Amino acid sequence: MKIMHIVGARPNFMKVAPLLQAMKERAGAFEQILVHTGQHYDYAMSRIFFEELDMPEPNETLNVGSGSHAEQTGRVMLAFEPVLLNYRPDWVIVVGDVNSTLACALVCAKLGVQVAHVEAGLRSFDRSMPEEYNRLLTDQIADLLFTPSEDANANLLREGVDPARIHFVGNVMIDTLVKLLPIASARPVLGDLGLEPEGYILVTLHRPSNVDEPGPLREILAALEQLAASRPVVFPIHPRTRERMRQFGLQASGVRFLEPQGYLNFLALTQSAGLVVTDSGGIQEETTFLDVPCLTLRENTERPVTIELGTNWLVKSERQAILQAVEQAWQKAPRSSSCPPLWDGKASGRIVEAISGLG
Ligand code: UD1
């Protein structure tokens with residue numbers, strides 16, 4: 001069976017890597033083609049993940065780069081169509097909710113090529129997020145929907161999706177985490193940065209709602225600056241956020257800004273953090289698996305299971321709200337040890353089983 005995998009942006013790599021591996025282990029059963037749209041292109045946002053996750057070179061790179069949503073989505077569609085026609089795979093697998101996910105799914109639908117969506121069914125119910133349209137529309141188009149959690153199944157059924165298209169397989173990103181945690185734990189990054197286990201706050205921020213307007217970004221940075229006076233605040237900074245800080249003339253003294261980290265260093269930093277402050281989707285899940293308290297600077301989340309299990313809290317992007325939430329979460333002990341069903345490191349195997357059975 002000929003399978004084409006699509007990657008485009010940083011959060012895609014750790015979801016596709018275990019699928020590539022699981023299919024490779026079924027010797028002879030799959031011919032695999034990897035397409036990188038080039039939505040992310042810096043070494044630290046893309047290449048390092050290929051190295052650390054042991055992914056093969058892409059067969060095709062579309063080099064679409066950055067741009068407005070219409071430019072980026074349109075460029076992926078235009079560049080992907082001839083590639084799809086050339087390879088004619090039996091299935092195309094798209095993951096997550098980035099612009100490349102929807103763009104490639106749409107090209108498949110128009111050409112009658114079967115498409116499977118991994119991480120289907122997640123909903124923030126917030127249509128001001130670009131990802132929410134990518135999720136909703138990709139799930140309408142895809143022939144097969146692989147869900148990470150039971151709330152995702154419920155969302156899809158509520159939208160009238162045929163239950164036969166839905167397969168609850170668990171979380172593929174956790175497959176990568178389970179596999180690489182021992183290697184990540186042995187990294188010297190904490191010592192290199194002079195950090196004590198559970199003695200620092202780890203921060204990531206890149207959502208347009210937090211960084212594209214000076215108001216929320218100023219509030220968040222003011223809170224981080226205040227927190228940095230009493231404990232290390234480590235902030236691997238996304239290029240989008242760095243650019244906005246420069247543009248708005250904002251700073252946060254005392255905060256330790258780092259370049260975007262690779263998968264292994266970032267996992268090591270997450271595992272040992274006293275607290276994580278983020279607006280990422282995947283990090284809400286990783287902290288849940290690792291039982292690390294997480295504050296998500298958003299009004300909503302498409303990953304409610306992380307809130308229900310008590311490792312993740314939604315916090316407004318306001319200085320006072322952040323400071324108060326940090327003090328509450330910092331003292332939260334002992335950590336729980338619950339984990340959502342099927343976040344067990346075996347999700348990619350379930351996906352391969354399901355696809356194998358379809359021909
Ligand atoms: C994208 C995804 C988002 C995901 C995030 C992870 C969409 C709509 N958004 O947002 O869902 O959570 O990736 O990072 O698909 N840039 C670089 N180097 C790079 C990539 C980007 O410098 O390798 C800069 C560019 O200035 C670019 C900006 O970052 O304009 C934003 O990148 P973009 O891909 O548009 O969106 P993200 O914010 O990364």
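Just so you know, residue 1 is the first one in the sequence shown, and it goes up from there. Not measured: the values here are computed from a predicted model. Each ligand, and each atom within it, is numbered from 1 in the order the structure gives.
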Distance to 0.1 Å, residue and atom name: give those for the protein heavy atom nearest to [atom].
| atom | value |
| --- | --- |
| atom 22 (O) of ligand 1 | P239 CB, 3.2 Å |
| atom 8 (C) of ligand 1 | N99 OD1, 3.3 Å |
| atom 27 (C) of ligand 1 | S66 OG, 3.2 Å |

How does [X] reach ligand 1, by side chain, by backbone, by both or by neither, if only non-hydrogen atoms under 4.0 Å count?
| X | value |
| --- | --- |
| E131 | side chain |
| H40 | both |
| P11 | side chain |
| E243 | neither |

Ligand 1 and H238, any nitrogen or oxygen pair closer than 3.5 angstrom?
yes
Could you pull out all residues at least two apart from E132 that satisfy salt bridge (charged side-chain N to carboxylate O under 4.0 Å, His left out)?
R135
Taken in chain and number order and not counting sequence neighbours, the residues that satisfy salt bridge (charged side-chain N to carboxylate O under 4.0 Å, His left out) with E225 are none
Has H206 got any heavy atom lying under 4.0 angstrom from an atom of ligand 1?
yes
H238 vs H206 aromatic rings, parallel, tilted or perpendicular, using cut-offs 30° and 60°?
parallel
Determine, using ring centers only, whether H36 and F13 are less than 6.0 Å apart.
yes
Using every non-hydrogen atom in the two residues, find where P239 and P260 come nearest and quote the distance to one decimal.
CD-CG, 4.2 Å
Do R303 and E286 sit within salt-bridge range, that is, some charged N less than 4.0 Å from a carboxylate O?
no
